[in-house]
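Step one of this worksheet: look at the structure below.
Only heavy atoms go into these numbers, but all of them, side chains included; no hydrogens, no water, no symmetry mates. In the text below, chain A, chain B and the rest are named by the order of the sequence lines, each starting its count at 1. On a predicted model such as this, the values are computed, not experimentally measured, just so you know.
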Number of protein chains: 2
Amino acid sequence: MKSIEPTIKADEVTPPRAGEKILRVARDLFYRQGIRAIGVDEIVRRAGVTKPSLYRSFPSKDELAASYLRQYDLEFWARFDEAVAAHPGDPRAQIAAFLTRIGKRTQKPDYRGCGMTNAAVEYPEHGHPARVVSEANKQELRRRLRAMAAAMGAGDADTLGDGLLLLIEGAYISGQLFGAGGPAKSVARNADLLIEASLQK
Amino acid sequence: MKSIEPTIKADEVTPPRAGEKILRVARDLFYRQGIRAIGVDEIVRRAGVTKPSLYRSFPSKDELAASYLRQYDLEFWARFDEAVAAHPGDPRAQIAAFLTRIGKRTQKPDYRGCGMTNAAVEYPEHGHPARVVSEANKQELRRRLRAMAAAMGAGDADTLGDGLLLLIEGAYISGQLFGAGGPAKSVARNADLLIEASLQK
DNA sequence: AGGTATACGTACCGATCGGTAACATTGTCA
DNA sequence: TGACAATGTTACCGATCGGTACGTATACCT
(Lines give C-alpha, C1' and ligand atoms only; values in the text may rest on other atoms or scores of the structure.)
Protein backbone atom coordinates (compact mmCIF):
# COMPACT_ATOMS: atom_id res chain seq x y z
CA MET A 1 0.00 0.00 0.00
CA LYS A 2 2.88 2.30 -0.17
CA SER A 3 4.51 1.82 -3.56
CA ILE A 4 1.46 2.58 -5.70
CA GLU A 5 0.86 6.21 -4.88
CA PRO A 6 3.75 8.33 -6.12
CA THR A 7 1.38 10.40 -8.23
CA ILE A 8 3.60 13.19 -7.06
CA LYS A 9 7.31 12.73 -6.99
CA ALA A 10 8.95 12.39 -3.63
CA ASP A 11 11.04 15.47 -4.34
CA GLU A 12 7.93 17.57 -4.63
CA VAL A 13 6.17 16.40 -1.55
CA THR A 14 9.26 16.71 0.54
CA PRO A 15 9.22 19.93 2.53
CA PRO A 16 11.80 22.48 1.42
CA ARG A 17 15.33 21.35 2.02
CA ALA A 18 16.99 22.94 5.02
CA GLY A 19 19.30 24.93 2.78
CA GLU A 20 16.39 26.45 0.91
CA LYS A 21 14.53 27.42 4.05
CA ILE A 22 17.68 28.99 5.42
CA LEU A 23 18.30 30.98 2.27
CA ARG A 24 14.72 32.16 2.16
CA VAL A 25 14.81 33.40 5.75
CA ALA A 26 18.30 34.84 5.41
CA ARG A 27 17.28 36.75 2.33
CA ASP A 28 14.41 38.37 4.16
CA LEU A 29 16.38 39.26 7.28
CA PHE A 30 19.49 40.38 5.44
CA TYR A 31 17.55 42.70 3.22
CA ARG A 32 15.39 44.24 5.90
CA GLN A 33 17.90 44.60 8.70
CA GLY A 34 21.31 44.24 7.11
CA ILE A 35 23.77 41.39 7.00
CA ARG A 36 25.97 42.37 9.91
CA ALA A 37 22.93 43.02 12.08
CA ILE A 38 21.68 39.44 11.78
CA GLY A 39 23.38 36.52 13.50
CA VAL A 40 23.34 32.95 12.30
CA ASP A 41 21.47 31.90 15.44
CA GLU A 42 18.53 34.09 14.55
CA ILE A 43 18.49 32.78 11.00
CA VAL A 44 18.33 29.13 12.00
CA ARG A 45 15.79 29.88 14.71
CA ARG A 46 13.41 31.66 12.32
CA ALA A 47 13.99 29.00 9.68
CA GLY A 48 13.11 26.24 12.13
CA VAL A 49 16.37 24.42 11.58
CA THR A 50 19.57 24.02 13.53
CA LYS A 51 22.97 25.54 13.14
CA PRO A 52 24.75 22.46 11.81
CA SER A 53 22.21 22.38 9.00
CA LEU A 54 23.26 25.88 7.99
CA TYR A 55 26.91 24.92 7.89
CA ARG A 56 26.16 21.78 5.88
CA SER A 57 24.56 23.91 3.16
CA PHE A 58 26.86 26.93 3.35
CA PRO A 59 30.55 27.02 4.23
CA SER A 60 30.25 30.25 6.21
CA LYS A 61 27.99 33.17 7.00
CA ASP A 62 29.85 35.27 4.44
CA GLU A 63 29.12 32.69 1.76
CA LEU A 64 25.49 32.58 2.83
CA ALA A 65 25.40 36.32 2.32
CA ALA A 66 26.99 35.88 -1.10
CA SER A 67 24.35 33.28 -1.98
CA TYR A 68 21.64 35.70 -0.94
CA LEU A 69 23.12 38.30 -3.26
CA ARG A 70 23.48 35.87 -6.14
CA GLN A 71 19.78 35.16 -5.88
CA TYR A 72 19.11 38.88 -5.60
CA ASP A 73 21.15 39.36 -8.75
CA LEU A 74 18.98 36.92 -10.69
CA GLU A 75 15.78 38.62 -9.58
CA PHE A 76 17.22 42.03 -10.35
CA TRP A 77 18.00 41.14 -13.94
CA ALA A 78 14.63 39.50 -14.31
CA ARG A 79 12.99 42.81 -13.41
CA PHE A 80 15.36 44.73 -15.61
CA ASP A 81 14.84 42.50 -18.61
CA GLU A 82 11.11 42.66 -18.06
CA ALA A 83 11.22 46.43 -18.55
CA VAL A 84 13.45 45.95 -21.58
CA ALA A 85 11.19 43.36 -23.13
CA ALA A 86 8.17 45.61 -22.68
CA HIS A 87 9.58 48.14 -25.16
CA PRO A 88 11.56 46.32 -27.85
CA GLY A 89 14.01 48.51 -29.71
CA ASP A 90 13.17 51.59 -27.62
CA PRO A 91 15.89 52.01 -24.99
CA ARG A 92 14.50 55.29 -23.76
CA ALA A 93 11.15 53.71 -23.02
CA GLN A 94 12.93 50.75 -21.45
CA ILE A 95 14.73 53.05 -19.03
CA ALA A 96 11.55 54.92 -18.31
CA ALA A 97 9.71 51.71 -17.52
CA PHE A 98 12.47 50.45 -15.26
CA LEU A 99 12.80 53.72 -13.37
CA THR A 100 9.08 54.20 -12.99
CA ARG A 101 9.00 50.85 -11.29
CA ILE A 102 11.92 51.72 -9.04
CA GLY A 103 10.28 55.02 -8.16
CA LYS A 104 7.15 53.19 -7.08
CA ARG A 105 9.01 50.60 -5.06
CA THR A 106 10.88 53.27 -3.14
CA GLN A 107 7.59 54.59 -1.82
CA LYS A 108 6.60 51.34 -0.18
CA PRO A 109 6.77 51.29 3.62
CA ASP A 110 9.27 48.46 4.04
CA TYR A 111 11.55 49.53 1.23
CA ARG A 112 15.21 49.30 2.18
CA GLY A 113 17.04 50.10 -1.04
CA CYS A 114 19.12 47.74 -3.13
CA GLY A 115 20.48 44.68 -1.38
CA MET A 116 23.60 44.86 -3.52
CA THR A 117 24.33 48.46 -2.70
CA ASN A 118 23.66 47.96 0.98
CA ALA A 119 25.95 44.94 1.14
CA ALA A 120 28.77 46.90 -0.47
CA VAL A 121 28.34 49.60 2.16
CA GLU A 122 28.38 47.03 4.93
CA TYR A 123 31.49 45.31 3.60
CA PRO A 124 34.00 47.83 2.27
CA GLU A 125 36.80 45.28 2.34
CA HIS A 126 37.89 44.26 -1.13
CA GLY A 127 37.50 40.59 -1.89
CA HIS A 128 34.75 39.94 0.60
CA PRO A 129 32.42 37.30 -0.91
CA ALA A 130 29.36 39.53 -0.60
CA ARG A 131 31.12 42.53 -2.06
CA VAL A 132 32.43 40.56 -5.02
CA VAL A 133 28.89 39.69 -6.06
CA SER A 134 27.73 43.23 -5.52
CA GLU A 135 30.52 44.80 -7.55
CA ALA A 136 29.99 42.43 -10.44
CA ASN A 137 26.32 43.33 -10.54
CA LYS A 138 27.05 47.05 -10.59
CA GLN A 139 29.71 46.72 -13.27
CA GLU A 140 27.26 44.93 -15.49
CA LEU A 141 24.53 47.46 -14.80
CA ARG A 142 26.88 50.25 -15.76
CA ARG A 143 27.81 48.45 -18.96
CA ARG A 144 24.22 47.99 -19.97
CA LEU A 145 23.16 51.54 -19.14
CA ARG A 146 26.00 52.92 -21.23
CA ALA A 147 25.04 50.63 -24.08
CA MET A 148 21.45 51.80 -23.87
CA ALA A 149 22.57 55.42 -23.82
CA ALA A 150 24.56 54.76 -26.96
CA ALA A 151 21.55 53.11 -28.57
CA MET A 152 19.54 56.23 -27.84
CA GLY A 153 22.03 58.18 -29.90
CA ALA A 154 23.44 60.28 -27.09
CA GLY A 155 26.42 62.38 -28.00
CA ASP A 156 28.31 61.37 -24.89
CA ALA A 157 26.78 57.98 -24.21
CA ASP A 158 29.14 57.05 -21.38
CA THR A 159 28.31 60.21 -19.47
CA LEU A 160 24.59 59.72 -19.92
CA GLY A 161 24.81 56.06 -18.93
CA ASP A 162 26.76 57.01 -15.82
CA GLY A 163 24.30 59.78 -15.06
CA LEU A 164 21.44 57.30 -15.15
CA LEU A 165 23.38 55.02 -12.84
CA LEU A 166 23.88 57.88 -10.40
CA LEU A 167 20.16 58.61 -10.41
CA ILE A 168 19.35 54.96 -9.83
CA GLU A 169 21.77 54.57 -6.94
CA GLY A 170 20.52 57.85 -5.55
CA ALA A 171 16.98 56.51 -5.68
CA TYR A 172 17.99 53.33 -3.85
CA ILE A 173 19.59 55.29 -1.05
CA SER A 174 17.07 58.10 -0.84
CA GLY A 175 14.27 55.59 -0.79
CA GLN A 176 15.45 54.15 2.48
CA LEU A 177 16.62 57.48 3.91
CA PHE A 178 13.50 59.52 3.33
CA GLY A 179 10.78 56.91 3.06
CA ALA A 180 7.57 57.74 1.24
CA GLY A 181 7.47 61.23 -0.19
CA GLY A 182 11.24 61.34 -0.60
CA PRO A 183 13.25 62.44 -3.63
CA ALA A 184 13.33 58.92 -5.07
CA LYS A 185 9.81 59.25 -6.40
CA SER A 186 11.05 61.73 -9.00
CA VAL A 187 13.78 59.49 -10.37
CA ALA A 188 11.98 58.67 -13.62
CA ARG A 189 11.12 62.30 -14.27
CA ASN A 190 14.68 63.45 -13.66
CA ALA A 191 16.11 60.67 -15.79
CA ASP A 192 13.87 61.72 -18.62
CA LEU A 193 15.02 65.33 -18.32
CA LEU A 194 18.62 64.19 -18.32
CA ILE A 195 18.09 62.01 -21.37
CA GLU A 196 16.35 64.83 -23.19
CA ALA A 197 19.24 67.17 -22.48
CA SER A 198 21.79 64.58 -23.54
CA LEU A 199 20.15 63.83 -26.86
CA GLN A 200 19.64 67.33 -28.19
CA LYS A 201 23.31 68.12 -28.06
CA MET B 1 58.87 79.80 40.13
CA LYS B 2 55.70 78.10 39.40
CA SER B 3 52.89 80.53 39.97
CA ILE B 4 54.16 83.26 37.69
CA GLU B 5 54.08 81.47 34.38
CA PRO B 6 50.54 80.69 33.40
CA THR B 7 50.98 82.53 30.11
CA ILE B 8 49.04 79.62 28.75
CA LYS B 9 46.17 78.16 30.66
CA ALA B 10 46.56 74.69 32.02
CA ASP B 11 43.66 73.55 29.89
CA GLU B 12 45.52 74.43 26.76
CA VAL B 13 48.82 72.80 27.52
CA THR B 14 47.15 69.59 28.60
CA PRO B 15 47.38 66.89 25.92
CA PRO B 16 44.10 66.10 24.18
CA ARG B 17 41.51 64.84 26.57
CA ALA B 18 40.71 61.15 26.32
CA GLY B 19 37.31 61.94 24.86
CA GLU B 20 38.83 63.92 22.04
CA LYS B 21 41.37 61.28 21.16
CA ILE B 22 38.63 58.67 21.17
CA LEU B 23 36.40 60.71 18.90
CA ARG B 24 39.25 61.39 16.52
CA VAL B 25 40.14 57.70 16.22
CA ALA B 26 36.51 56.60 16.10
CA ARG B 27 35.81 59.04 13.30
CA ASP B 28 38.60 57.60 11.23
CA LEU B 29 37.73 53.95 11.83
CA PHE B 30 33.98 54.42 11.53
CA TYR B 31 34.31 56.18 8.23
CA ARG B 32 36.78 53.80 6.65
CA GLN B 33 35.47 50.48 7.88
CA GLY B 34 31.95 51.12 9.06
CA ILE B 35 30.45 51.53 12.51
CA ARG B 36 29.28 47.98 13.05
CA ALA B 37 32.62 46.62 11.87
CA ILE B 38 34.56 48.41 14.59
CA GLY B 39 34.43 47.37 18.23
CA VAL B 40 34.99 49.67 21.16
CA ASP B 41 38.07 47.67 22.14
CA GLU B 42 39.81 48.54 18.92
CA ILE B 43 38.90 52.18 19.27
CA VAL B 44 40.36 52.54 22.75
CA ARG B 45 43.42 50.51 21.78
CA ARG B 46 44.24 52.72 18.78
CA ALA B 47 43.47 55.82 20.81
CA GLY B 48 45.86 54.75 23.54
CA VAL B 49 43.23 54.93 26.25
CA THR B 50 41.13 52.44 28.15
CA LYS B 51 37.56 51.44 27.87
CA PRO B 52 36.22 53.16 30.99
CA SER B 53 37.56 56.41 29.54
CA LEU B 54 35.32 55.89 26.53
CA TYR B 55 32.27 55.34 28.68
CA ARG B 56 33.04 58.40 30.78
CA SER B 57 32.96 60.58 27.69
CA PHE B 58 30.17 58.80 25.83
CA PRO B 59 27.17 57.00 27.30
CA SER B 60 27.30 54.19 24.71
CA LYS B 61 28.85 53.14 21.44
CA ASP B 62 25.71 54.24 19.65
CA GLU B 63 26.09 57.72 21.12
CA LEU B 64 29.75 57.77 20.16
CA ALA B 65 28.66 57.00 16.61
CA ALA B 66 26.12 59.82 16.81
CA SER B 67 28.85 62.19 18.03
CA TYR B 68 31.01 61.15 15.11
CA LEU B 69 28.16 62.00 12.76
CA ARG B 70 27.43 65.32 14.45
CA GLN B 71 31.04 66.30 13.82
CA TYR B 72 30.74 65.00 10.27
CA ASP B 73 27.66 67.16 9.86
CA LEU B 74 29.55 70.30 10.86
CA GLU B 75 32.36 69.58 8.42
CA PHE B 76 29.90 68.77 5.67
CA TRP B 77 28.15 72.10 5.94
CA ALA B 78 31.47 73.88 6.15
CA ARG B 79 32.39 72.41 2.77
CA PHE B 80 28.96 73.13 1.39
CA ASP B 81 28.95 76.73 2.55
CA GLU B 82 32.43 77.18 1.20
CA ALA B 83 31.18 76.34 -2.29
CA VAL B 84 28.21 78.64 -1.74
CA ALA B 85 30.37 81.52 -0.54
CA ALA B 86 32.64 81.17 -3.57
CA HIS B 87 29.81 82.20 -5.90
CA PRO B 88 27.56 84.72 -4.15
CA GLY B 89 24.11 85.02 -5.66
CA ASP B 90 24.80 82.35 -8.28
CA PRO B 91 23.22 79.10 -7.11
CA ARG B 92 24.01 77.27 -10.32
CA ALA B 93 27.71 78.00 -9.91
CA GLN B 94 27.47 77.08 -6.24
CA ILE B 95 26.09 73.67 -7.11
CA ALA B 96 28.70 73.23 -9.81
CA ALA B 97 31.49 74.05 -7.38
CA PHE B 98 30.17 71.70 -4.74
CA LEU B 99 29.66 68.83 -7.16
CA THR B 100 33.00 69.31 -8.84
CA ARG B 101 34.59 68.90 -5.45
CA ILE B 102 32.55 65.79 -4.70
CA GLY B 103 33.46 64.35 -8.06
CA LYS B 104 37.13 64.78 -7.29
CA ARG B 105 36.88 63.32 -3.81
CA THR B 106 35.19 60.20 -5.14
CA GLN B 107 38.25 59.44 -7.23
CA LYS B 108 40.60 59.31 -4.26
CA PRO B 109 41.82 55.83 -3.30
CA ASP B 110 40.48 55.72 0.27
CA TYR B 111 37.13 57.30 -0.54
CA ARG B 112 34.27 55.54 1.19
CA GLY B 113 31.26 57.70 0.39
CA CYS B 114 29.28 59.82 2.81
CA GLY B 115 29.50 58.89 6.47
CA MET B 116 25.89 59.94 6.95
CA THR B 117 24.58 57.81 4.13
CA ASN B 118 26.64 54.81 5.18
CA ALA B 119 25.45 55.07 8.77
CA ALA B 120 21.83 55.12 7.65
CA VAL B 121 22.43 51.97 5.64
CA GLU B 122 24.09 50.30 8.60
CA TYR B 123 21.29 51.25 10.98
CA PRO B 124 17.90 50.94 9.30
CA GLU B 125 16.09 50.99 12.63
CA HIS B 126 14.15 54.17 13.17
CA GLY B 127 15.20 56.20 16.16
CA HIS B 128 18.73 54.87 16.33
CA PRO B 129 20.97 57.74 17.54
CA ALA B 130 23.22 57.54 14.49
CA ARG B 131 20.32 57.40 12.08
CA VAL B 132 18.60 60.36 13.65
CA VAL B 133 21.63 62.56 12.95
CA SER B 134 21.92 61.19 9.45
CA GLU B 135 18.27 61.77 8.58
CA ALA B 136 18.34 65.31 9.89
CA ASN B 137 21.36 66.08 7.73
CA LYS B 138 19.71 64.71 4.62
CA GLN B 139 16.45 66.53 5.25
CA GLU B 140 18.32 69.79 5.52
CA LEU B 141 20.32 69.04 2.39
CA ARG B 142 17.13 68.37 0.50
CA ARG B 143 15.63 71.62 1.73
CA ARG B 144 18.62 73.64 0.65
CA LEU B 145 18.91 72.00 -2.76
CA ARG B 146 15.26 72.69 -3.45
CA ALA B 147 15.70 76.28 -2.37
CA MET B 148 18.68 76.67 -4.67
CA ALA B 149 16.74 75.14 -7.54
CA ALA B 150 14.01 77.67 -6.94
CA ALA B 151 16.56 80.48 -6.87
CA MET B 152 17.79 79.32 -10.25
CA GLY B 153 14.33 79.88 -11.59
CA ALA B 154 13.50 76.27 -12.35
CA GLY B 155 9.95 75.61 -13.40
CA ASP B 156 9.64 72.63 -11.11
CA ALA B 157 12.16 73.52 -8.43
CA ASP B 158 11.30 70.65 -6.12
CA THR B 159 11.88 68.10 -8.85
CA LEU B 160 15.19 69.65 -9.83
CA GLY B 161 16.33 69.89 -6.22
CA ASP B 162 15.43 66.25 -5.69
CA GLY B 163 17.18 65.30 -8.91
CA LEU B 164 20.36 66.95 -7.69
CA LEU B 165 20.06 65.10 -4.42
CA LEU B 166 19.71 61.80 -6.29
CA LEU B 167 22.84 62.56 -8.29
CA ILE B 168 24.76 63.46 -5.12
CA GLU B 169 23.72 60.32 -3.27
CA GLY B 170 24.48 58.30 -6.36
CA ALA B 171 27.95 59.81 -6.46
CA TYR B 172 28.55 58.93 -2.81
CA ILE B 173 27.63 55.32 -3.37
CA SER B 174 29.20 54.87 -6.79
CA GLY B 175 32.39 56.39 -5.51
CA GLN B 176 32.89 53.57 -3.04
CA LEU B 177 31.46 50.90 -5.31
CA PHE B 178 33.52 51.57 -8.40
CA GLY B 179 36.55 53.41 -7.09
CA ALA B 180 38.54 55.64 -9.39
CA GLY B 181 37.19 55.81 -12.92
CA GLY B 182 33.65 55.13 -11.74
CA PRO B 183 30.46 56.98 -12.69
CA ALA B 184 30.81 59.43 -9.82
CA LYS B 185 33.39 61.47 -11.66
CA SER B 186 30.68 62.67 -14.05
CA VAL B 187 28.34 63.93 -11.34
CA ALA B 188 29.02 67.62 -11.97
CA ARG B 189 28.59 67.25 -15.71
CA ASN B 190 25.32 65.35 -15.36
CA ALA B 191 24.01 67.83 -12.79
CA ASP B 192 24.71 70.66 -15.19
CA LEU B 193 22.85 68.89 -17.97
CA LEU B 194 19.92 68.30 -15.65
CA ILE B 195 19.88 71.93 -14.56
CA GLU B 196 20.04 73.11 -18.15
CA ALA B 197 17.10 70.92 -19.07
CA SER B 198 15.10 72.07 -16.05
CA LEU B 199 15.60 75.78 -16.68
CA GLN B 200 14.66 75.98 -20.34
CA LYS B 201 11.23 74.63 -19.70
C1' DA C 1 50.65 69.96 53.51
C1' DG C 2 46.25 68.40 52.92
C1' DG C 3 41.76 67.99 50.85
C1' DT C 4 39.14 67.39 46.88
C1' DA C 5 37.68 66.56 42.38
C1' DT C 6 38.76 64.82 38.10
C1' DA C 7 40.88 61.50 35.10
C1' DC C 8 42.68 57.05 34.38
C1' DG C 9 43.81 51.84 34.72
C1' DT C 10 43.07 46.80 36.09
C1' DA C 11 40.17 43.40 35.95
C1' DC C 12 36.05 41.61 35.13
C1' DC C 13 30.94 40.84 33.65
C1' DG C 14 27.20 38.18 30.96
C1' DA C 15 25.86 37.81 26.28
C1' DT C 16 26.57 36.88 21.75
C1' DC C 17 29.53 36.09 17.81
C1' DG C 18 30.66 32.48 13.97
C1' DG C 19 31.62 27.72 13.88
C1' DT C 20 32.11 22.56 15.19
C1' DA C 21 32.25 17.56 17.26
C1' DA C 22 29.70 13.53 18.12
C1' DC C 23 25.72 11.12 17.90
C1' DA C 24 20.64 10.04 17.22
C1' DT C 25 16.79 10.01 13.96
C1' DT C 26 14.45 9.87 9.73
C1' DG C 27 12.95 8.64 4.98
C1' DT C 28 14.44 6.51 0.51
C1' DC C 29 15.84 3.15 -2.35
C1' DA C 30 17.86 -1.23 -3.55
C1' DT D 1 16.61 -5.81 5.66
C1' DG D 2 20.24 -2.98 5.21
C1' DA D 3 22.88 0.78 3.46
C1' DC D 4 22.88 5.64 2.56
C1' DA D 5 22.16 10.51 2.66
C1' DA D 6 20.05 14.25 4.96
C1' DT D 7 18.55 16.36 9.02
C1' DG D 8 18.05 16.97 13.93
C1' DT D 9 19.98 17.07 18.90
C1' DT D 10 22.97 18.50 22.33
C1' DA D 11 26.71 20.42 23.88
C1' DC D 12 30.54 22.86 23.26
C1' DC D 13 34.59 26.01 21.43
C1' DG D 14 37.54 30.42 21.59
C1' DA D 15 36.87 35.11 20.45
C1' DT D 16 34.71 39.23 20.70
C1' DC D 17 30.73 42.05 21.81
C1' DG D 18 29.21 46.36 24.64
C1' DG D 19 29.54 47.76 29.30
C1' DT D 20 30.96 48.28 34.42
C1' DA D 21 32.74 47.92 39.58
C1' DC D 22 36.34 49.56 41.93
C1' DG D 23 40.76 51.08 43.18
C1' DT D 24 44.68 54.43 41.85
C1' DA D 25 47.06 58.44 40.20
C1' DT D 26 47.37 63.25 39.11
C1' DA D 27 46.46 68.31 39.27
C1' DC D 28 44.66 72.12 41.37
C1' DC D 29 43.24 75.23 45.26
C1' DT D 30 43.49 76.68 49.89
* Mapping Pro59(A) and Glu42(A) to their closest nucleotides on DNA chain C, which lands nearer the 5' end? -> Glu42(A)
* Just grab all the salt bridge (Lys or Arg N to Asp or Glu O under 4.0 Å) pairs involving residues 164-183 of chain B, residues at least two apart or on different chains. => Lys138(B)-Glu169(B)
* **Whole-Å gap separating P (dA7(C)) and CZ (Arg17(B))** => 6 Å
* d(CZ, Phe58(A); P, dG19(C)) in whole Å -> 13 Å
* Asked: Cut-off 3.5 Å, side chains only: do Gln71(A) and Glu75(A) have a donor facing an acceptor?
  -> yes
* Structure fact -> Heavy atoms of Arg146(B) and Ala157(B) approach each other most closely as O-CB, 4.1 Å
* **Listed nucleotide nearest any side-chain atom of Val49(B), set dG9(C), dA7(C), dG19(C)** => dG9(C)
* Checking salt bridge (Lys or Arg N to Asp or Glu O under 4.0 Å) for the pair Glu140(B)/Arg143(B): CA distance, chi angles, key distance, verdict? -> CA-CA 5 Å; Glu140(B) 173 64 8; Arg143(B) 197 189 61 76; 2.8 Å; yes
* **Integer-rounded Å distance: dC13(C) C1' and Tyr55(B) OH** => 13 Å
* Structure fact -> In whole angstroms, the gap separating P of dT10(C) from CG of Leu54(B) amounts to 16 Å
* Check against side-chain contact (heavy atoms from CB on, under 4.5 Å), Val133(B) and Tyr68(B) -> CA-CA 10 Å; Val133(B) 178; Tyr68(B) 146 59; over 6 Å; no
* Given atom CZ of Arg56(A) and atom P of dG19(C), what is their separation to the nearest angstrom? -> 15 Å
* Tell me: CZ of Arg45(A) to C1' of dT16(C), nearest whole Å? -> 13 Å
* When you get a sec, tell me which of dA7(C), dG18(D), dG18(C) is the closest nucleotide to the side chain of Asp41(A)? => dG18(C)
* Structure fact -> The answer to which of Lys51(B) and Gly39(A) contacts DNA chain C further toward the 5' end, by nearest nucleotide, is Lys51(B)
* Asked: From dT20(C), dT20(D), dG18(C), pick the nucleotide closest to the side chain of Pro52(A)?
  -> dT20(C)
* Mind checking Ile38(A) for me? I need base, sugar-phosphate or nothing, with any heavy atom below 4.0 Å counting as a touch. => sugar-phosphate
* To do: Measure from the side-chain heavy atoms of Ser53(B) and tell me the nearest of dT7(D), dC8(C), dG18(C).
  => dC8(C)
* In whole angstrom, what separates Arg36(A)'s CZ from dC17(D)'s P? -> 11 Å
* Taking the side chain of Thr50(B) as heavy atoms from C-beta outward, which of dG9(C), dG8(D), dA7(C) is closest to it? -> dG9(C)
* Return the value, rounded to whole Å, for the distance between atom CD1 of Ile22(A) and atom P of dA6(D). => 14 Å
